[in-house]
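Below is one structure, written out as structure tokens; the observations come after it.
Proteins come first, then strands; the chains are lettered A, B, ... in the order of their sequence lines, and each starts at number 1.
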2 protein chains.
Amino acid sequence: MASESPKRPTIYDLARLANASPSTVSAVLNGSWQRRRISQKLADRILSLAQAEGYSANMQARALRRERSGIIGMILPLYDNRYFSSIAQHFEAQARQRGLFAIVACTNRDPEQEREAARMMLAYRVECLVSTGATDPDTISEMCDESGAASINLDLPGHKAPSVISDNREGARSLTDAILDRLAEQPVSGDDILFIGGRAEDHNTRERIAGFTQARTQRGLATSEVDIIPCDYAADKAQAALEAYMRHRPRLPSAMFVNSTISLEGIVRWLQLGGYQLDDMVVGCFDWDPLAAAFHPHLMMVRQSVEVMIARVFEMIDAPVVEKNRCIEVAPEIIGV
Amino acid sequence: MASESPKRPTIYDLARLANASPSTVSAVLNGSWQRRRISQKLADRILSLAQAEGYSANMQARALRRERSGIIGMILPLYDNRYFSSIAQHFEAQARQRGLFAIVACTNRDPEQEREAARMMLAYRVECLVSTGATDPDTISEMCDESGAASINLDLPGHKAPSVISDNREGARSLTDAILDRLAEQPVSGDDILFIGGRAEDHNTRERIAGFTQARTQRGLATSEVDIIPCDYAADKAQAALEAYMRHRPRLPSAMFVNSTISLEGIVRWLQLGGYQLDDMVVGCFDWDPLAAAFHPHLMMVRQSVEVMIARVFEMIDAPVVEKNRCIEVAPEIIGV
DNA sequence: TTAGGCTGCACAATCGGTTGTGCAAAGTGT
DNA sequence: ACACTTTGCACAACCGATTGTGCAGCCTAA
């Protein structure tokens, strides 16, 4: 679909039409004309001309000359999830509010795709790159450093750039507490909880397991290794892992700590196949989905404070200087208790 | 967070280091060197130098000179929904495959925000702008035309640019048929269906209402105006609309045709508040959410073929010329029957 | 009346690539 | 040995803005 370039007007075109110099036109159009002592009359003439001709500045040229692109980038594991898509949405809104242009790329939790996306963004000279849930955030921070771009980690922490993450340990502790409370309310019940989903090697899952274990320990409950299954986030993997787990168990666990709504999808599918209901167990999920909340008001979910996290990210961007190892933890909220 | 610009190397730096001219370096680095008869030896030298120095081309400069940005844009009502986020994800993947850089902006179904986003994207000289679910697609197409950028409508059709949409009428007809079949299977049941959600003024909702009515007519069923409530998509509005509707009704409708998962959220919340279950009715939803599907395998949902639609969009982009009024309808799929 | 200051604008360099063109040097044929 | 082609690269204009600097013309004051 080749487009028939009708050539947008440039400052040179306007200069000719207004009988002025390109530099004057430029000054008028970018607002620096007062400082350059352009007369109000000429400024008005140029402005109305620009309006009439439908002028809009070529950002590539501006970026080149100013050595500032006005672009801010974000990499994301995926869009197709309420948590991450909400992050993207808030990020974009905040960027726009600051006159920055946001570009977002999703990289499927794949380190190579993450690097490739970062390369592209740096080639477009992003001023700052936010790595969300990156599997390899430090390499990305290094790439940014070499290019003179700022970088910030979101959701998963790194060592070579400041980070904003949820308070995973405390969130998991609270969720586990809530699960145990709910179990205690029930007439007949055990206190065994299956922890399922996530990646053993990622910081968040480790912290959540720590919080989970800690909450149990505080109540004098032991936690067995076999009841902790970080089988990755994907729904299919969670479903398969639960299938395997249940082959050696006589009955459902009393409760489950599901490490993301993506994993929850697999868990629920397995339950359906076995003729079980979600309500046959006490379930807590470290992640939030509004549709799931509507369907199951008693399903306990940890809702991470996306708005606050994004706000913290932009505070860092605005700050004159931030220590590389700064890590801000944002308290999540528990829904459905 | 000011970043300490360590000045990335340019072709001029490399030229000095390689004892060659900038134009030669440029040719080597952008792959046109064979055509320019640069010797393999020199090319190798420059390439390894570029590697060593961590060179990457400044896309702003390239875009400026080539008068092609390599950027392709998309505007979206919102990210935070499985349908639209999936569109964004596929769009980005396809764009990347073609060496294009995708930028996506969400505009909250607000015509002013849509125009503003389009202005920004055109300022960055996007080569093509895809308007997804735009409330005012024609104005955007005009803006693109004036700027010499291609434009395509997705999800909602327009008149001034080619469109790719779901076959809403046929999808709604099939869904309504499925609902009626399901009702017929039940021992005691009515044949009244409440259509709820969407906007009366948008093309998709109108088509879906048409398909809905047509399916009923084909079975000899009349359809009353009062059973069609296009109360907008938002969950809260759907909830409020259902609340109002039910004030004058003695009992739940036998079935519901819910016009999006966003509206479904409100419907389910209302049901929960009234102590009802989703399974107390036959429900069909014109939209798909995998988590909802996991929870309610019998919930019938229309899954629009995002992959196919995006593929069609890129076929249009690749085509040498496409008629402005071309409108491709893609058949959706019915899940849960 | 003239030096000095202010007003209002134009000039030209620059950002980092791309690309049409020119031109030596080397190679080929006779 | 001479004309001709090919090889291999450099030169310079250009894309569209931004910005430091220069300089007429007018105003003001001594």
Side-chain angles (χ1 to χ4, degrees), chain A residues 5 7-47 50 53-71 122-125 127 147-148, chain B residues 5-47 49-50 53-71 122-125 127 147-148:
Chain A
S5 294
K7 284 310 230 172
R8 310 198 58 157
T10 70
I11 52 169
Y12 298 96
D13 299 323
L14 296 182
R16 202 159 6 81
L17 292 171
N19 247 316
S21 78
S23 59
T24 300
V25 173
S26 169
V28 168
L29 291 172
N30 69 32
S32 70
W33 59 280
Q34 325 251 19
R35 194 159 13 88
R36 284 181 152 274
R37 297 187 312 240
I38 309 293
S39 66
Q40 182 80 51
K41 220 180 87 189
L42 181 53
D44 288 345
R45 188 149 47 90
I46 291 176
L47 283 170
E53 298 290 314
Y55 173 84
S56 97
N58 183 327
M59 296 311 234
Q60 323 286 356
R62 168 174 296 175
L64 181 59
R65 179 58 233 248
R66 284 206 177 143
E67 310 197 40
R68 285 199 56 199
S69 63
I71 302 180
L122 291 171
Y124 276 95
R125 298 301 187 266
E127 297 178 13
S147 298
Chain B
S5 294
K7 286 306 231 171
R8 309 198 58 157
T10 70
I11 52 169
Y12 298 96
D13 300 324
L14 296 183
R16 201 161 5 81
L17 292 172
N19 248 317
S21 79
S23 61
T24 300
V25 173
S26 170
V28 169
L29 292 171
N30 70 32
S32 70
W33 58 281
Q34 325 251 23
R35 191 158 18 86
R36 287 181 150 274
R37 297 189 310 239
I38 309 293
S39 66
Q40 181 79 50
K41 220 179 89 189
L42 180 53
D44 288 346
R45 188 148 48 90
I46 291 176
L47 282 170
L49 211 71
E53 298 289 316
Y55 173 84
S56 95
N58 184 327
M59 296 311 234
Q60 319 288 354
R62 167 174 298 174
L64 180 58
R65 180 57 234 243
R66 284 204 177 145
E67 311 196 46
R68 285 199 56 198
S69 64
I71 302 179
L122 291 171
Y124 277 95
R125 299 300 188 265
E127 296 178 13
S147 298

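- For the pair Ala15(A) and Pro22(A), the tightest heavy-atom approach, listed with the atom from each and the gap, is CB-N, 3.7 Å.
- Residues passing the side-chain contact (heavy atoms from CB on, under 4.5 Å) test with Ser26(B), sequence neighbours excluded: Ile11(B), Asn30(B).
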Considering only nitrogen or oxygen atoms on both sides, find all protein atoms under 3.5 Å from nucleotides 25-27 of chain D and state each distance.
none

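- For Arg36(A), the side-chain contact (heavy atoms from CB on, under 4.5 Å) partners at least two apart in sequence or on another chain are Ala27(A), Ser32(A), Ile38(A).
- The nearest whole Å value for the distance from the CZ atom in Arg68(A) to the C1' atom in dG16(C) is 18 Å.
- Direction of the helix axis in the helix from dT1(C)-dA30(D) to dT30(C)-dA1(D) shifts by 50° between the two five-pair termini, rounded to 10°.
- Without hydrogens or angle criteria, Glu53(A) side chain to Pro9(A) main chain gives no donor-acceptor distance under 3.5 Å.
- Remark: Glu67(A) pairs with Lys7(B) by the side chain to side chain donor-acceptor pair (under 3.5 Å) rule, at least two apart or across chains.
- Residues passing the side-chain contact (heavy atoms from CB on, under 4.5 Å) test with Arg37(B), sequence neighbours excluded: none.
- Nearest heavy-atom pair across Ser147(B) and Arg8(A) is OG-NH1, 2.7 Å.
- The distance from atom OH of Tyr124(A) to atom C1' of dG16(C) is 15 Å, rounded to the nearest whole Å.
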Using nucleotides 24-28 of chain C, report all nitrogen or oxygen pairs with the protein that are shorter than 3.5 Å.
none

*For side-chain contact (heavy atoms from CB on, under 4.5 Å), just list the numbers for Leu49(B) and Arg45(B), CA-CA rounded to whole Å, side-chain angles, deciding distance to a tenth of an Å, and then say yes or no.*
CA-CA 6 Å; Leu49(B) 211 71; Arg45(B) 188 148 48 90; 5.7 Å; no
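- With rounding to whole Å, Leu29(B) atom CG is found 14 Å from dT19(C) atom P.
- Rounded to an integer number of Å, the gap from Asn30(B) CG to dC15(D) C1' is 15 Å.
- Under the side-chain contact (heavy atoms from CB on, under 4.5 Å) criterion, Leu47(A) pairs with Val28(A), Leu29(A), sequence neighbours left out.
- Of the residues in residues 57-65 of chain B, those lying under 4.0 Å from DNA chain D by heavy-atom distance are Leu64(B), Arg65(B).
- As rounded to whole Å, 17 Å separates atom P of dC15(D) from atom CZ of Arg8(A).
- Glu67(B) places its CD atom 15 Å from the C1' atom of dG20(C), with the value rounded to the nearest Å.
- Between dT18(C) and Ser26(B), a contact under 4.0 Å exists linking OP1 or OP2 to a side-chain N or O.
- Nearest heavy atoms, Ser69(A) versus Ala63(A): CA-CB, 3.7 Å.
- For the pair Ile71(A)/Tyr124(B), a side-chain contact is recorded, criterion being any heavy-atom separation below 4.5 Å from C-beta on.
- When side chains are defined from C-beta on, Met59(A) does not count as touching Arg125(B), because their heavy atoms never get closer than 4.5 Å.
- Between Tyr12(B) and dT14(C) there is no side-chain polar atom (N or O) within less than 4.0 angstrom of OP1 or OP2.
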_Under 4.0 Å protein heavy-atom contacts per nucleotide of nucleotides 5-10 of chain D, with B for base, S for backbone only and - for none_ = --BBBB
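- Sorted by first and then second residue, the salt bridge (charged side-chain N to carboxylate O under 4.0 Å, His left out) pairs involving residues 9-29 of chain B (not counting sequence neighbours) are Asp13(B)-Arg16(B).
- Using a 4.5 Å heavy-atom threshold, the side chains of Leu64(B) and Arg62(A) count as separate.
- As rounded to whole Å, 14 Å separates atom C1' of dA17(D) from atom CD1 of Ile46(A).
- Look at CZ on Arg66(A): it is 21 Å from P on dC15(D), rounded to the nearest Å.
- Legend: residues meeting side chain to side chain donor-acceptor pair (under 3.5 Å) with Thr24(B), ordered by chain and number and at least two apart, are Ser21(B).
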